[in-house]
There are 2 protein chains.
Amino acid sequence: MNESLTLADKVFTELTTAIVRGELRPGDRLSEQTLVERYGGSRAPMREAIQRLEARHLVKRVPHAGARVVSLSLAELRDIYEVRVELESMACRLAAQRMTDAEIAELYDLLREHEESIAAEQGLAYYQKAGDLDFHYRVIKGSRNSRLYQMLCGELYHLVRMYRYQTSTSTKRPPQALQEHQRIVEAIAARDAELAELLMRRHIQSSLNNLETRLAEEEGRS
Amino acid sequence: MNESLTLADKVFTELTTAIVRGELRPGDRLSEQTLVERYGGSRAPMREAIQRLEARHLVKRVPHAGARVVSLSLAELRDIYEVRVELESMACRLAAQRMTDAEIAELYDLLREHEESIAAEQGLAYYQKAGDLDFHYRVIKGSRNSRLYQMLCGELYHLVRMYRYQTSTSTKRPPQALQEHQRIVEAIAARDAELAELLMRRHIQSSLNNLETRLAEEEGRS
DNA sequence: ATTCATAGGATTGTCTACAATCTTTGTGAG
DNA sequence: CTCACAAAGATTGTAGACAATCCTATGAAT
């Protein structure tokens, strides 16, 4: 089989999760030598891993000066969300038209699971976030547009996740988000593309509002 | 100053234009050794150039097997246009809200130039295409969203250009496109965001239709 | 004390060589 | 003649060293 996981690939995924989880913080330097000491191997694979991180906009590289974990300004975060709103509401519209009935049934199952986890109040912040991403992920997959999937899940999501990990989750938000998810699935099930698009647009917009207030709070506290 | 153009960067831009212009055709192999013989230097910079081409989806790389120029299926091309329609109409909406009056005036100037070049019938296909891209480029810039600019101009446009270079330009399309551009600018100047968005959506949609019929013709001829 | 220049160290860019993997060509069996 | 298999060749992945560039700290001049 083609089980060829190159070392560069391994380091790349390791670094990706490290950045997303906040173990590597925005602005942190990524020296090739340091990575060699940390992950073993030679500089060549580390270099490749860094380049791939740059391709996903997780690090910024300047010639002869090295790479640093990206540090997004609030304006840039807004830009990202502005694009994400547009693309995900589009995905939701397409999903309403193209998802199979089986996929929609699975969406309902997923929401039931989330409901239970919230009711049990075991709704750990981490699980909530993962579950939320899972929901969005499936809708995007349902759009049946590979490029759309690439852009949202391959390029924008890591950045979004990176900032969500670092902000504490409100206790009020999850139940509300779940409700919004339920309405969206209903619209998809009804094959009402326009409504599904509108609801998703509002959902992400309010998600951004939530994130902004939270960032403002942390900014004020520090 | 920071005039540091690394060799990898140089080769990367060279290859980009070569691919976009069709000198390197879809499916063509890109061996590191071949690039060394062609551009000089060593394998390391060639490798980096190839990786950056992969990041822009211009080549596809499989581990231990090398890189080939991407060959898009008609379905993938439709996916790209589906996304492009959404993002560019969004950009147009934002441009109507955010462009300065000076920028709008420059747009009018640009359209006048295009008009003249068409009237003079010197309207070479190449110039037409470049001019068209220039128009779209300015509207996107006018959206004031850096991420949107990155996605459209940095990732999607090369692919679009690649396929446009390879399809001959219709003699009927340029005048029609110019008219559509004029209507769009009028909407932007009137700060009518909704109309501007709608017109851009239709414009790109008809551009896709034009491309599809042309591809179908060439398919039938071969 | 502040600012500028400079020298040293550290880091990245590039080169060459070697190991691991894939592709292709040639051979033989069915 | 076609297909499967194996060895040779070619290509990529990795390693280590050297060269070019940048960052930093030290010192001198204002």
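Below, chain A is the first sequence line, B the second, and so on; all start at residue 1. Side chains are part of it too, since the values below use all heavy atoms of this structure and drop only hydrogens, waters and symmetry mates.
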Original post:
Expressed in angstrom and rounded to an integer, what is the separation of A:Leu35 atom CG from D:dA15 atom P?
Top reply: 13 Å
Subject >> Nucleotide C:dA20, atom P - distance to CG of A:Leu7 in whole Å >> reply: 14 Å
All N/O contacts under 3.5 Å from nucleotides 7-10 of chain D to the protein, with atom names and distances to one decimal?
none

**OP:** Let me know the distance between NZ of B:Lys60 and P of D:dT12, rounded to the nearest Å.
**Re:** 15 Å
**OP:** Name all residues meeting the ring pair (Phe, Tyr, Trp, His ring centres under 6.0 Å) criterion together with A:Tyr149; count only those two or more places apart in sequence or in a different chain, and write none if there are none.
**Re:** A:Tyr137
Original post:
Taking all non-hydrogen atoms of both residues, which atom of B:Ala91 and which atom of B:Ser143 are closest, and how far apart?
Top reply: O-CB, 3.6 Å
**OP:** Using whole Å, report how far CD of B:Glu54 lies from C1' of D:dT12.
**Re:** 13 Å
Subject >> Counterpart residues, side-chain contact (heavy atoms from CB on, under 4.5 Å), relative to A:Val70 (two or more places apart) >> reply: A:Lys60, A:Leu159, A:Met162
Original post:
What pairs with B:Arg201 under side-chain contact (heavy atoms from CB on, under 4.5 Å), at least two apart in sequence or on another chain?
Top reply: B:Val85, B:Glu86, B:Ser89, B:Glu197
Original post:
With B:Phe135, which residues qualify under ring pair (Phe, Tyr, Trp, His ring centres under 6.0 Å), at least two apart?
Top reply: B:His181
Nucleotide N/O of nucleotides 10-12 of chain C paired with protein N/O under 3.5 Å:
residue	atom	partner	partner atom	Å
C:dT11	O3'	A:Arg29	NH2	3.3
C:dT12	OP2	A:Glu32	N	3.4
C:dT12	O3'	A:His64	N	3.4

**OP:** Measure the distance from CD on B:Gln51 to P on C:dG13 and round it to the nearest whole Å.
**Re:** 12 Å
Subject >> Partner set under side-chain contact (heavy atoms from CB on, under 4.5 Å) for B:Ala49, not counting sequence neighbours >> reply: B:Val11, B:Phe12
Original post:
Rounded to the Å, how far apart are B:Asp9 CG and D:dT21 P?
Top reply: 15 Å
Original post:
salt bridge (charged side-chain N to carboxylate O under 4.0 Å, His left out) with A:Arg202: which residues, sequence neighbours excluded?
Top reply: none
**OP:** Quick one: list whatever passes side-chain contact (heavy atoms from CB on, under 4.5 Å) with A:Ala18, sequence neighbours left out.
**Re:** A:Glu23, A:Leu24
Original post:
Taking the side chain of A:Ser42 as its heavy atoms from C-beta onward, which of C:dG13, C:dC15, D:dT14 lies nearest to it?
Top reply: D:dT14
